[in-house]
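All values reported here derive from a predicted model rather than from experimental measurement.
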Amino acid sequence: TSASETNGTSATTTSTTEPEPEPIEAPLGDLVEGNRVLLIGDTVIASTAPRNDGTMCDALEAFGWQAEIAAEVGRFVDFGATVVDAGDVPAEPEWDVVGIMLGHHFDGDVAAFEAELDSLVSSLSPRPLLLYTLVEDDTFQPALNEIIRAIPDRYPNVLLVDWAEIVAEEPEVLVDDTPSGLSDEGRGRFALFTVAALGEPPTSEGAGCVPPVFVDDSAIVL
């Protein structure tokens, strides 16, 4: 007989479980204190950078964001870590939001892609992140999109921009049905859906694109 039973009382054990954080929702500008956004990408985001037509910068500036576009043609998913490592200096101001679109250039190793993307997202968390799906054809994109779409389940700070779904409804945004080739209209639509997810930040100080560091488009496109 236990002491609690002898005293006419019963011992109870209570446990507390931390509630699961709620997934973030657009607009991300409501969740941050500044207006600095970094976009990391390969061919698609590079096509909207200032050295091309500048569509993305125009849209971001109009909404009040100060942006850097770190995107180069033909880069693989590990390019994300390259960008993060290059900016890892004490004097570098903090990015309020980071957007990621990688996967148009793929070496065939699905497990390595998943590990690299997860590591990138983890290194940038817990700040709000935008993560884009890839336009699908009959090759590797569906497998990579399955990985991309699962990321918000593990990281509630990630907001998915389902570019694949958008393009399925608006195929005219592509050039010659190429998943990574955007028409003029496509670049505009891509920028529009990006700023729709971001919304307006709490400040517009310094709005526009800062001089980019990553501008080498000499990589072989696969």
Original post:
Would a distance-only check, ignoring hydrogens and angles, find a side-chain to backbone donor-acceptor pair under 3.5 Å from D96 to V32?
Top reply: no
Subject >> Rounded distance [0.5 Å steps], CG in L144 versus CG in L117 >> reply: 9.0 Å
Original post:
Which of these, T194, L182, I69, L102, sits in a side-chain contact (heavy atoms from CB on, under 4.5 Å) with I45?
Top reply: I69
Original post:
Quick one: OG1 on T82 to CD1 on I40, what's the gap to the nearest 0.5 Å?
Top reply: 10.0 Å
Original post:
Could you go step by step and tell me if D118 and Y155 meet the side chain to side chain donor-acceptor pair (under 3.5 Å) rule?
Top reply: CA-CA 9 Å; D118 188 88; Y155 296 93; 3.1 Å; yes
Original post:
Where do E68 and R36 land on the salt bridge (charged side-chain N to carboxylate O under 4.0 Å, His left out) test, with the steps shown first?
Top reply: CA-CA 8 Å; E68 180 178 338; R36 303 194 74 236; 5.5 Å; no
Subject >> Contact check, side chains of L159 and L129, non-hydrogen atoms, under 4.5 Å >> reply: no
Subject >> Value rounded to 0.5 Å, distance of CZ in R189 from CG in D184 >> reply: 14.0 Å
Original post:
Got a sec: does the CD of E146 have more than 12 other heavy atoms crowding it under 6.0 Å?
Top reply: no
**OP:** Mind running side chain to side chain donor-acceptor pair (under 3.5 Å) on E136 and N145 for me, showing each step along the way?
**Re:** CA-CA 8 Å; E136 297 183 4; N145 275 345; 2.8 Å; yes
Original post:
What do you reckon, is CD of E205 surrounded by more than 12 foreign heavy atoms closer than 6.0 Å?
Top reply: no
**OP:** Quick one: closest heavy-atom pair of P126 and N157, and the distance?
**Re:** O-CB, 3.5 Å
Subject >> Separation of L130 CG from I100 CD1 (nearest 0.5 Å) >> reply: 9.0 Å
Subject >> Derivation and outcome, ring-ring contact (aromatic ring centres under 6.0 Å, His included), residues F214 and F79 >> reply: CA-CA 10 Å; F214 294 92; F79 178 70; 5.4 Å; yes
Original post:
Under 3.5 Å, is there a donor-acceptor pair between the side chain of R127 and the main chain of V98?
Top reply: no
**OP:** Mark yes when over 12 heavy atoms from residues, nucleotides or ligands other than E172 sit less than 6.0 Å from its CD; otherwise mark no.
**Re:** yes
Subject >> Inter-residue atom distance E72.CD - D216.CG, 0.5 Å rounding >> reply: 5.0 Å
**OP:** Report the C-alpha separation of D58 and R187 in whole Å, then their side-chain angles, then the decisive distance to 0.1 Å, and conclude whether the salt bridge (charged side-chain N to carboxylate O under 4.0 Å, His left out) test is met.
**Re:** CA-CA 11 Å; D58 292 343; R187 286 189 289 272; over 6 Å; no
Subject >> Full working for ring-ring contact (aromatic ring centres under 6.0 Å, His included) between Y132 and F193 >> reply: CA-CA 10 Å; Y132 301 80; F193 279 100; over 10 Å; no
Original post:
Any sub-3.5 Å donor-acceptor pair from T43's side-chain atoms to G74's backbone N or O?
Top reply: yes
Original post:
Side chains of H105 and D42: donor-acceptor distance under 3.5 Å anywhere?
Top reply: no
Original post:
Closest approach of V135 and Q141, non-hydrogen atoms and distance?
Top reply: O-CG, 3.1 Å
**OP:** Enter the distance from T203:OG1 to E33:CD here, rounded to the nearest 0.5 Å.
**Re:** 11.5 Å
